[in-house]
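A quick write-up on the structure given underneath.
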Amino acid sequence: MLDVSGRPKAAGTRATGQVVASLEGVTKVFGGTVAVANVSIELRAGEVLALLGENGAGKSTCVKLLAGVHRPDGGQVVMLGKPVAFASPLEAQRAGVAVMHQHPGLFPDLSIAENLFIGQTGLRWKLDHRQMQSEAARLLTLVGLEVDVTAPLGRLRTSEQQLVEIARALSLDARVLIMDEPTAALSQREVERLFTVVDNLRPQGVAMMFVGHRMDEIYRVADRIAVLRDGRHVATEIAADLSRERAVQMMVGRSLDGLYPRNNTAPGDVVLDVRGLSCDGSFQDVSFQLRAGEILGFGGLVGSGRTEIARVLFGIDQPTGGTIAIDGKTMRFVSPKDAMGNGIAYVSEDRIGQSLVMDFPILNNASLTVLDKATRGGLMSREKEIGIAKPFLDRLRLRFKSFDQPVGALSGGNQQKVVLAKWLATNPRILILDEPTQGIDVQTKADVHAMMTDLAAKGMAIILISSELPELLGMADRMIVLREGSVTAEFRHDEATQEKVIGAATDAIVKKVDGEIVAQPVPHRDEKSVIPERAARGTWRRVLARRELGLFAAIAAVVIPISMLNIRMLSGANLSALAMDAGLLMIVAVAQMLVVITRSIDLSVAAIIGLAAYGAASTIHLHPEIGVVGGVALACSIGLAAGFLNGLIVTYGRVPAIVVTLGTMSIFRGINSLWAGGTQVSADQVPQAWLDMTAANFFGVPAVLLIAIATLLVVAYILRNTSIGRELFAIGSNPGGASLIGIASRARILMAFSAAGLLAGFDGALWASRYATVDARVAYGFELTVIAAVVVGGIAVRGGSGTVLGVAAGALMLLIINNGLTLVRVDPLWLQGVYGLVILAAIGIDALVARRAAGKRKGAHR
């Protein structure tokens, strides 16, 4: 059982000021590039050290050195006065280091409770889900999140997932808590919850480090401030003694004037006129005008409707009421392409998920929006791409090595510059900027602000959406404020104040006390988080929503009409044959499931069945003395060796699984053909006991089906109730997140391939017993049926989700379709086409369900 309270705890309350963890003269080099050089910082009990620096200054490297992701090339990491060498993030966690990552390393397909404890349980064969859920509910209450902890994490919005990441860090009872830009996706209310948690951890002697760019938050939470510049430690000073201007100067190496340059351009004609715009569930009756050369700010809390308005203006979502006019002409954008054609560009708040292809080079990303202009003779022209992208990248002062550098290797600020360059290349008349400076350093912010002012001076109309009130107050010529989807106020630049904007955004009583803004919020319907299909809606509704129930309903929909056409469908002989075939397919389908949930695939599974089947049958023919057990053991050994070989090449050879298994499929088939030499093993050449292994019946149920059910139950138990099983799902759900928390991904994937091979080998032995006559063509082409069963059964091809019951239902459905088509005399040649259609239908249904779930999640968070 998982003893939640049994994890390593901080060793009592430490004296405030005691050095708990430190970096002493650390240096880290990546491929000749020095990330940090001779950096020394200390984290003290009961204090918060803020780590400041521009993007690329070395902050993330310091975080990863303390968290065990990287090991220093020089210097040392010290915990409680003793040098340590963390080999993995898991070792750092066990030493008491917890990290809240900027982009949560969580697993959308696992439950919220599992996300809190995955990777912390060690090797356990019986997880106590109830205890995990109870402890998860307690920890989430501490951070102010009230949700059904048994629901999948993917149903939460980004800010709520960030709160789960915070709760996960708290679950470690850490000596050291590192917060790497944890507030980037949080609303002001959620930020205050986080800082309340931080304040509660101080008396417990937890040493904390806060990495961020928002100066208001830095000075709200920090006791000391350490500054990095170009990978070197500039200084560490008491926060109360360090002015903001001095901190900025230390970061950039010079004074930074004009962080919010004024737009002195006189607004021109109305470019965009929005009247009574509404989108059910998101916002209603929104009206405003935007003029050429004007910067219009959208203020309000996260979820107030700001982003949703931008999405409608850009044609991503469709309005349910109102009008949009450009230059006095009413428009309706059915797609972003329409909006782009009318001179609108939209910089999304999610640069990683929606704006960039992280594995693509900088040049390809920067020219994505203007591909038609970057071609010569219908082919992409590198010269034209550079000609289009370079002026904008130079204008934004992008720091990069070459145009071919993957954009994922850039810092957050430089990634944002690529996004801006991509959209500026379209030469828009209207530019919508949604959180354009989120998660970037102060110098890059100044560059973005200067660019905005320059564009406005040239007549571009700009909409600025920002959660940073100083940015809105400093940059916007006018500001409209939204609350719960409605416009509550409009201010000119000279009218807007923090008190007025916060009051309009929160319906709160706002005043200034000793220079600080104090608000008494009025409770409203968004005070508690709501997610779709919560447990309170009833067990039956949750059961009815399960995909497996739909599969069984589909099976009934096939069986009933076919039985009416041909009663043989329900005959004992037909059902017995169906049961035996189902048993064989279910075993190998669940073997494929083990691989697919880790985001891999095994195309060689049918070849392994054939190799194991012929190997076992021919050996027991030549050496009957080995008996049934010996034959099964040999088949399993062949399958295990084949699966291990596949997994070894995939994990340690780093070759894509589809390539590896496509190759080994041919290799295993070739070995089998050489082994068989054109001969076959027939029923009269093997012991009768070998045939009886699957021919026997128990109370009218074929033995092979009972064997399959037992196998599926064992696999289901392992996947549901063991730490290894849950980690396989975690790897498929978020491979990067699995590495961050120390899950041994390569070892687990190797284990999945090996187990899949073992089950395929076992299935080969049963196949040889079931069909008696065995040659080199056993299970030839069977891989398509196996993959179809897995996909139809609801195993996501992207990995991370699915159930054994779903796989069993998918296998049964395919066999019933096959059997039914045969009984109604449909040409067998149509069967492969039918399987293809079933696969497409299953994937289509999954996509539809995902979109509906996303829509419900979106509506639930208004």
Side-chain angles (χ1 to χ4, degrees), residues 256-277 286-300 306 309-310 312-314 322-331 339-347 391-392 395-397 420-421 423-437 444-482 487-501 504-505:
L256 189 63
D257 299 322
L259 180 59
Y260 302 117
R262 283 297 305 130
N263 174 27
N264 296 316
T265 303
D269 296 333
V270 174
V271 177
L272 177 66
D273 191 359
V274 174
R275 296 292 175 187
L277 195 65
V286 171
S287 300
F288 62 88
Q289 290 183 330
L290 177 65
R291 296 177 179 272
E294 182 182 35
I295 300 175
L296 174 64
F298 280 11
R306 302 170 305 168
I309 295 171
V312 168
L313 293 176
F314 194 58
T323 61
I324 300 171
I326 294 181
D327 294 331
K329 183 179 179 180
T330 301
M331 300 285 182
M340 291 171 64
N342 283 278
I344 300 177
Y346 172 48
V347 177
F392 299 105
R395 180 180 187 176
L396 290 163
R397 295 191 290 186
L420 290 166
W423 286 109
L424 291 177
T426 66
N427 293 315
R429 296 181 62 208
I430 300 170
L431 178 62
I432 304 172
L433 300 172
D434 195 351
E435 304 286 4
T437 62
T444 305
K445 283 184 180 182
D447 292 342
V448 172
H449 294 157
M451 176 208 71
M452 291 170 58
T453 303
D454 182 47
L455 293 173
K458 294 178 179 178
M460 188 177 294
I462 298 173
I463 293 176
L464 171 62
I465 302 171
S466 178
S467 296
E468 293 191 47
L469 189 50
E471 182 172 56
L472 285 175
L473 293 172
M475 295 301 302
D477 301 312
R478 279 189 305 121
M479 186 192 313
I480 63 172
V481 183
L482 294 110
V487 176
T488 56
E490 180 174 337
F491 303 107
R492 295 193 307 271
H493 176 79
D494 56 356
E495 295 176 332
T497 64
Q498 288 191 0
E499 297 97 316
K500 289 180 180 179
V501 174

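Residue indices begin at 1 and follow the sequence shown. On a predicted model such as this, the values are computed, not experimentally measured, just so you know. Scope of the values below: all heavy atoms of this structure, side chains included, with no hydrogens, waters or symmetry mates.
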Could you check Ile432 against Val347 for side-chain contact (heavy atoms from CB on, under 4.5 Å), going step by step and ending with a plain yes or no? CA-CA 6 Å; Ile432 304 172; Val347 177; over 6 Å; no
Pairs of donor and acceptor atoms involving the side chains of residues 471-480, under 3.5 Å and at least two apart or interchain, shall be tabulated with distances.
residue, atom, partner, partner atom, Å
Glu471, OE1, Thr437, OG1, 3.2
Glu471, OE1, Ser466, OG, 2.5
Glu471, OE2, Thr437, OG1, 2.7
Glu471, OE2, His449, NE2, 2.6
Asp477, OD1, Arg262, NH2, 3.4
Asp477, OD2, Asn263, ND2, 2.8
Asp477, OD2, Ile295, N, 2.8
Arg478, NE, Glu294, OE2, 2.6
Arg478, NH1, Glu490, OE2, 2.7
Arg478, NH2, Gln289, O, 2.4
Arg478, NH2, Glu294, OE1, 3.2
Arg478, NH2, Glu294, OE2, 3.3

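- Closest approach of Leu424 and Leu455 over heavy atoms only: CD2-CD1, 3.6 Å.
- Here the side chains of Ile463 and Leu272 are in contact, with some heavy-atom distance below 4.5 Å.
- Looking only at side-chain heavy atoms (C-beta outward), Asn342 and Ile430 stay at 4.5 Å or farther from each other.
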Would Met452 and Tyr260 satisfy side-chain contact (heavy atoms from CB on, under 4.5 Å), going step by step from the backbone distance to the final call? CA-CA 10 Å; Met452 291 170 58; Tyr260 302 117; over 6 Å; no
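- Within the structure, every pair that satisfies the salt bridge (Lys or Arg N to Asp or Glu O under 4.0 Å) test and touches residues 449-458, not counting sequence neighbours, is listed here: Arg395-Asp454, Asp454-Lys458.
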Trace of the salt bridge (charged side-chain N to carboxylate O under 4.0 Å, His left out) decision for Asp327 with Lys329: CA-CA 6 Å; Asp327 294 331; Lys329 183 179 179 180; over 6 Å; no
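- Shortest non-hydrogen contact noted between Gly276 and Ser287 is N-OG, 2.8 Å.
- A pairwise comparison of heavy atoms in Val481 and Val501 identifies CG1-O, 4.0 Å as the closest pair.
- Between Pro436 and Val448, the shortest heavy-atom distance links the atoms CB-CG1, 4.4 Å.
- In this structure a side-chain-to-backbone donor-acceptor pair under 3.5 Å is present from Arg306 to Gly300.
- Judged by distance alone, with hydrogens and angles left aside, the side-chain atoms of Arg291 form a donor-acceptor pair with the main-chain N or O of Gly268 at under 3.5 Å.
- When all heavy atoms are compared, the tightest approach of Ile344 to Pro428 is C-CB, 4.4 Å.
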Using the side-chain contact (heavy atoms from CB on, under 4.5 Å) rule, take Val274 and Ile309 through it: C-alpha gap first, then chi angles, then the decisive distance, then the call. CA-CA 10 Å; Val274 174; Ile309 295 171; over 6 Å; no
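- Distance check: Thr488 OG1 to Leu482 CG gives 6.5 Å after rounding to the nearest 0.5 Å.
- Between Met451 atom CE and Thr453 atom OG1 the span is 9.0 Å, to the nearest 0.5 Å.
- Note that CG of Leu464 is 9.0 Å distant from CG of Leu296, once rounded to the nearest 0.5 Å.
- Between Phe288 and Phe298, the ring planes are perpendicular. Angles over 60° get that label, and only those under 30° would be called parallel.
- Taking OH of Tyr346 as the reference point, atom CG of Leu433 lies at 10.0 Å (rounded to 0.5 Å).
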Passes side-chain contact (heavy atoms from CB on, under 4.5 Å), Met340 versus Phe314? Steps please. CA-CA 8 Å; Met340 291 171 64; Phe314 194 58; 3.7 Å; yes
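- Annotation for Ala310 and Ile465: closest pair CB-CD1, 3.8 Å, computed over non-hydrogen atoms.
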